Structure formats: structure tokens, C-alpha cells
Number of protein chains: 2
Amino acid sequence: MSKTPKSEVLAKPAQSRRVTTRAAGAPKATPKPPANRAERAAERRAAIVEAALDEFIARGFAATRLDDIAKRAGVAKGTIYLHFKDKESMFEDLIRTAIVPLVGRMHAPPPPGATVRDAIEGFALAFMQEIASTRRGDIVRLIVAEGPRFPAIADFYYREVVSRGLAGMRALIEAGIARGEIRHQNLARFPQIMVAPALIAVIWQSLFARHAPLDAIEMFRVHLDLIFGERRAA
Amino acid sequence: MSKTPKSEVLAKPAQSRRVTTRAAGAPKATPKPPANRAERAAERRAAIVEAALDEFIARGFAATRLDDIAKRAGVAKGTIYLHFKDKESMFEDLIRTAIVPLVGRMHAPPPPGATVRDAIEGFALAFMQEIASTRRGDIVRLIVAEGPRFPAIADFYYREVVSRGLAGMRALIEAGIARGEIRHQNLARFPQIMVAPALIAVIWQSLFARHAPLDAIEMFRVHLDLIFGERRAA
DNA sequence: AATATATGACTGACCGGTCAGTCACCGTCA
DNA sequence: TGACGGTGACTGACCGGTCAGTCATATATT
């Protein structure tokens with residue numbers, strides 16, 4: 001009962017591949033194409049990652065087509081499978097890769113000479129500028145969206161970002177309490193509170209900014225005023 | 001060409017159609033077997049809505065199969081199309097319908113005799129119990145997840161829930177400021193801050209509760225302490 | 001030439017949407 | 001009262017489009 005191999009032929013298109021005259025002499029004269037194979041392969045991979053992130057962010061996991069990723073990356077679909085096992089593991093790889101740079105910032109250096117408030121404020125400023133208002137923020141949203149369907153990603157994100165970030169934040173809060181900058185000891189039990197407005201900002205940007213722009217940085221400052229007391233006279 | 005009507009019987013679960021003697025007087029006396037056609041249709045629609053919500057919450061829009069919804073609702077796929085135009089508008093209808101009950105609570109009654117803090121705390125308590133820890137919370141997450149792909153839903157949600165909710169919250173905050181319960185006037189500019197921990201709780205429940213349970217209510221109380229001052233000695 | 005890399009046409013499974021057919025219900029009439 | 005025909009809610013096999021993943025072929029590199 002094998003399938004009739006009937007019309008195997010028909011589809012052959014012309015396929016005259018332009019050979020690019022290939023002027024004699026210059027073998028190395030690769031003008032644009034950067035460098036050796038490995039490098040070019042790495043570049044292609046990077047292009048795929050870039051394109052895939054854009055597509056996944058814009059459409060979510062299930063609705064993203066690999067054809068679109070390939071087209072956006074300027075690559076054939078088969079090339080994707082030279083770098084990734086399948087769509088699912090590609091998605092997980094992608095998110096993991098994209099998260100790493102987020103973690104870098106998380107090692108909050110214990111406040112050197114500045115106040116704890118300054119440390120947190122600088123931190124929040126960086127977060128708002130580098131994450132909330134960029135594509136990185138969409139990655140956070142993507143995790144919220146697809147997390148339940150990709151427990152592995154949710155776990156990874158919790159381990160690598162959430163638990164570390166909260167631990168760092170807790171340390172800062174305790175330092176603030178020890179120094180007398182923060183009066184509410186209970187805050188150390190819920191570092192989430194410190195971070196909450198940042199998450200609000202991320203979500204707001206991608207859902208409601210069109211309707212009502214939100215000055216995320218100013219909001220965070222007001223939030224810090226609640227915790228540390230007013231900065232200056234209103 | 002109709003297929004042999006042979007085993008037409010099998011799929012019908014018991015469902016012995018009670019003929020409901022149809023006593024003249026009592027048209028309402030339908031005990032178990034629902035009722036007339038219209039009523040049964042409404043029940044089916046409700047079953048579809050219920051099933052669809054579960055599926056959409058579990059899988060997201062794109063990955064949800066209408067066959068699964070039909071199976072879960074105990075209905076044929078075609079039946080879905082008697083009630084909804086297509087998958088997309090069904091999703092939008094669903095979310096809209098599911099949001100409405102959320103809005104009911106939003107009409108924060110101006111604090112009658114109680115303090116503003118009590119009003120907000122009661123409000124938050126209800127939110128945490130009725131939303132954050134139930135399927136309604138997943139609906140909020142679903143909006144965050146699919147919002148960018150369904151601007152109509154994001155718009156609707158902003159109009160019906162976010163803007164109203166924030167307006168109500170702002171009113172409460174201003175009342176609190178007027179009464180001297182709240183010292184930070186700037187808080188009225190960012191009612192989002194008041195609400196932020198609630199959103200955190202919703203997200204936490206569906207992503208990280210397995211790793212680290214979060215006492216959302218206690219967190220919110222601590223948050224209120226920041227705003228209103230400590231309730232009592234720690 | 002031999003090998004590594006890239007391509008994109010192709011396949012097959014899957015799924016949204018359709019529609020001809022069925023049958024429970026209801027009003028009506030003898 | 002009984003039974004009969006019209007109605008429309010319901011069914012599920014089917015169709016056609018879509019898309020993840022494959023692989024024979026083509027190109028680049030050594």
C-alpha cells in the first residue's frame with residue numbers, strides 16, 4: 001500500500017542559478033561577506049535569533065511561522081534547522097539567550113558610597129530605559145504569556161532572574177533598613193513590592209501606551225517616595 | 001450520498017429524553033431535563049463558553065483547537081458556529097463576557113463610614129480571593145498575553161476595566177489625602193502604584209506559585225502600610 | 001575532489017470552517 | 001387525543017489552506 005509515486009516529476013522549476021561571472025584573480029575579494037565560514041555561520045545564527053525574537057514577540061509562539069522567521073533573517077527555512085532542533089527548542093533557547101543579559105544587571109553591587117535609595121533609583125532608571133521601553137520588555141511579557149505552556153522556561157526564568165533579582169533586592173532593602181533609610185521592616189519580606197511598578201510599566205507599554213502614555217520613571221520615583229519618604233518638598 | 005446510518009446510536013449518552021408529561025398548568029415544572037429548546041440552547045452556549053475559556057486559558061489563542069473546545073463542551077464542532085462567527089470573534093466575545101463581572105466590583109462605593117484604608121483593604125481582599133486565585137486571574141493574564149494581537153480586546157479592557165478602575169482608585173486616594181490618611185499627594189497621579197501588587201499576585205500565581213507560594217494578601221497589607229503607615233506594631 | 005554548508009520545493013499532518021443530513025420538538029388540525 | 005408536517009438545533013464527515021519539518025540538489029570552501 002505504498003503511495004503511488006506518480007507525479008513525482010512535474011514540479012521541477014527552471015532553476016537557472018546565476019553563476020556570478022567570478023572574475024578570475026580575486027579569490028579573497030569577498031567585498032561585503034565578512035569572513036571565514038565559522039564567522040559567517042555565526043552571523044547567520046545571530047540573524048535567525050534576531051528575526052525569531054521579533055516574530056515571537058509580535059505573534060506569540062504558536063502563531064509564529066518559521067517561514068516568516070527565515071524570510072526576515074534572509075535565510076532559507078532549512079538553514080534554521082542547521083542551528084536549532086525544532087521550533088519548540090528554538091523558542092526555549094531563544095528566551096534563555098535573551099534572558100542572560102537581563103541577569104547581568106541583577107548583581108546589584110552593594111551600595112558603595114551612595115544611599116540605598118540612590119542605588120535602587122539608578123537601578124530602576126536603567127531598567128526602565130533598557131528594558132521597559134525596549135524589546136527586552138516584550139520578552140518579559142512573552143514569558144508571562146507563554147510561561148504556563150513552557151514550564152521549562154518559567155522554571156528557568158524563576159531560577160535565573162526572579163529568585164536572584166528578588167534576593168538582591170531583599171539584600172538592598174535590608175541594607176536600607178539597617179541604615180535607617182527604610183522604616184518598614186516588613187518590606188524585606190516582600191521584595192516584590194519594590195519591583196511591582198516596574199512590571200506594571202512593562203505591561204503598560206505594550207498594551208495601553210497608545211491610549212494613555214505613562215511616565216514610568218516618574219511613577220517609580222513616587223513609589224520610592226512611599227518607601228523612603230519624600231525626596232524633597234512636593 | 002448519506003453514509004449508512006448504521007450505528008447512529010452509539011454516541012448518544014444515556015440522555016433518555018424525558019418527555020415531560022407536559023402537564024397543562026405547570027410549564028416551569030422541569031426538574032432535571034432542562035426545558036424547552038431555547039433554554040437548552042442557552043445551556044449549550046454556556047457549556048461552550050465555559051469550555052472555551054478553559055482551553056484558551058490553558059493554551060492561548062492560537063494553540064487552542066476548536067475540536068477540543070467542542071469535545072470538552074460535549075458538543076459537535078458545528079454547534080460552536082451556531083453561536084459564534086469564528087474563532088477570533090468567539091475569543092473576543094468570551095473575554096468581553098468574562099470581563100464584565102470584573103467591572104461590577106470596580107464601582108468603589110465612596111467610603112461610607114469606614115476609613116479609606118479599610119475600603120481599599122476590603123477591596124483588595126475581595127480581589128485576591130475572587131480573582132487572583134481563581135480562573136479570573138488567568139483571564140487577566142490572557143489579556144496581557146494576547147493583547148498585542150487583539151488590539152480590540154486591549155482597547156476594550158482599557159476602557160472598561162483599566163481606566164475605570166484607575167479613576168475609582170484615584171478618587172479613593174484623593175479622599176484619603178483629603179482626610180489626612182495619605183501623606184503622599186503624588187500618589188494620586190499614579191493610581192497604578194496602588195494596584196501594582198495585585199497584578200504581581202496574579203502573575204505570580206500562574207507562573208511561580210509552584211516554586212515559591214506567595215501570601216498575596218499579606219503582601220498587599222504590607223504595601224498598604226507603606227502608603228498609610230504601619231497598622232500596628234510589627 | 002571532497003567536504004561542509006545552504007537552499008527551497010515538497011510532504012503530510014493538522015485544523016478552521018462548511019454544509020447536507022438528522023431528528024427532537026412544537027403547533028395544528030382532525 | 002393522536003398524529004402529522006414544518007422548523008431549526010445539532011451533528012460530524014469533509015474540504016482546503018497552512019505550516020513544521022525533510023531532503024535532494026546546488027554552492028562555497030578547503
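Naming: A, B, ... by sequence-line order, numbering from 1 per chain. As the structure is a prediction and not an experimental result, all values here were calculated from the model.
Contacts with DNA chain D (heavy atom under 4.0 Å) in residues 88-96 of chain B: none are found. Listed in residue order, the members of residues 46-59 of chain A having a heavy atom less than 4.0 Å from DNA chain D come to none. For the segment residues 65-85 of chain A, residues with any heavy atom less than 4.0 angstrom from an atom of DNA chain D are, sorted by number, Arg65(A), Leu66(A), Lys77(A), Tyr81(A).
In this view, Lys87(B) satisfies the salt bridge (charged side-chain N to carboxylate O under 4.0 Å, His left out) rule with no residue, not counting sequence neighbours. The ring-ring contact (aromatic ring centres under 6.0 Å, His included) check on His211(B) picks up Tyr158(A), with sequence neighbours excluded.
Closest approach of Ala76(B) and Ala70(B) over heavy atoms only: C-CB, 4.0 Å. The heavy-atom pair separating Pro148(B) from Ser206(A) by the smallest distance is CG-O, 4.5 Å.
Between Glu55(B) and Arg65(B) there is no salt bridge, since no side-chain N of the basic residue sits under 4.0 Å from a carboxylate O of the acidic one. Between Arg135(B) and Asp54(B) there is a salt bridge, since a side-chain N of the basic residue sits under 4.0 Å from a carboxylate O of the acidic one. Under 4.0 Å is where a charged nitrogen must lie from a carboxylate oxygen, and between Asp138(B) and Arg141(B) at least one such pair does.
To the nearest 0.5 Å, atoms CD1 (Ile95(A)) and CD (Glu160(A)) are separated by 14.0 Å.
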Measure all distances between protein nitrogen or oxygen atoms and nitrogen or oxygen atoms of nucleotides 15-17 of chain D, and list the pairs falling under 3.5 Å.
none

Please step through ring pair (Phe, Tyr, Trp, His ring centres under 6.0 Å) for the pair Phe61(B) and Phe150(B), ending with a clear verdict.
-> CA-CA 10 Å; Phe61(B) 175 78; Phe150(B) 292 91; 4.8 Å; yes

What's the verdict on side chain to side chain contact (heavy atoms under 4.5 Å, CB included) for Val100(A) and Arg96(A), showing C-alpha distance, side-chain angles and the deciding distance?
-> CA-CA 6 Å; Val100(A) 173; Arg96(A) 257 185 267 271; 5.8 Å; no

Under the salt bridge (Lys or Arg N to Asp or Glu O under 4.0 Å) criterion, do Arg189(B) and Glu218(A) qualify, and how do the steps go?
-> CA-CA 10 Å; Arg189(B) 292 167 54 211; Glu218(A) 181 62 13; 3.5 Å; yes

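Taking the side chain of Arg44(B) as heavy atoms from C-beta on, and the options dT11(D), dA20(D), dT7(C), the nearest nucleotide is dT11(D).
For the pair Trp204(A) (side chain) and Gln192(B) (backbone), a donor-acceptor distance under 3.5 Å is absent.
We find that CD of Glu43(B) is positioned 14 Å from C1' of dA9(D), with the value rounded to whole Å.
At most 12 heavy atoms of other shown residues, nucleotides or ligands fall within 6.0 angstrom of atom CZ in Arg210(B).
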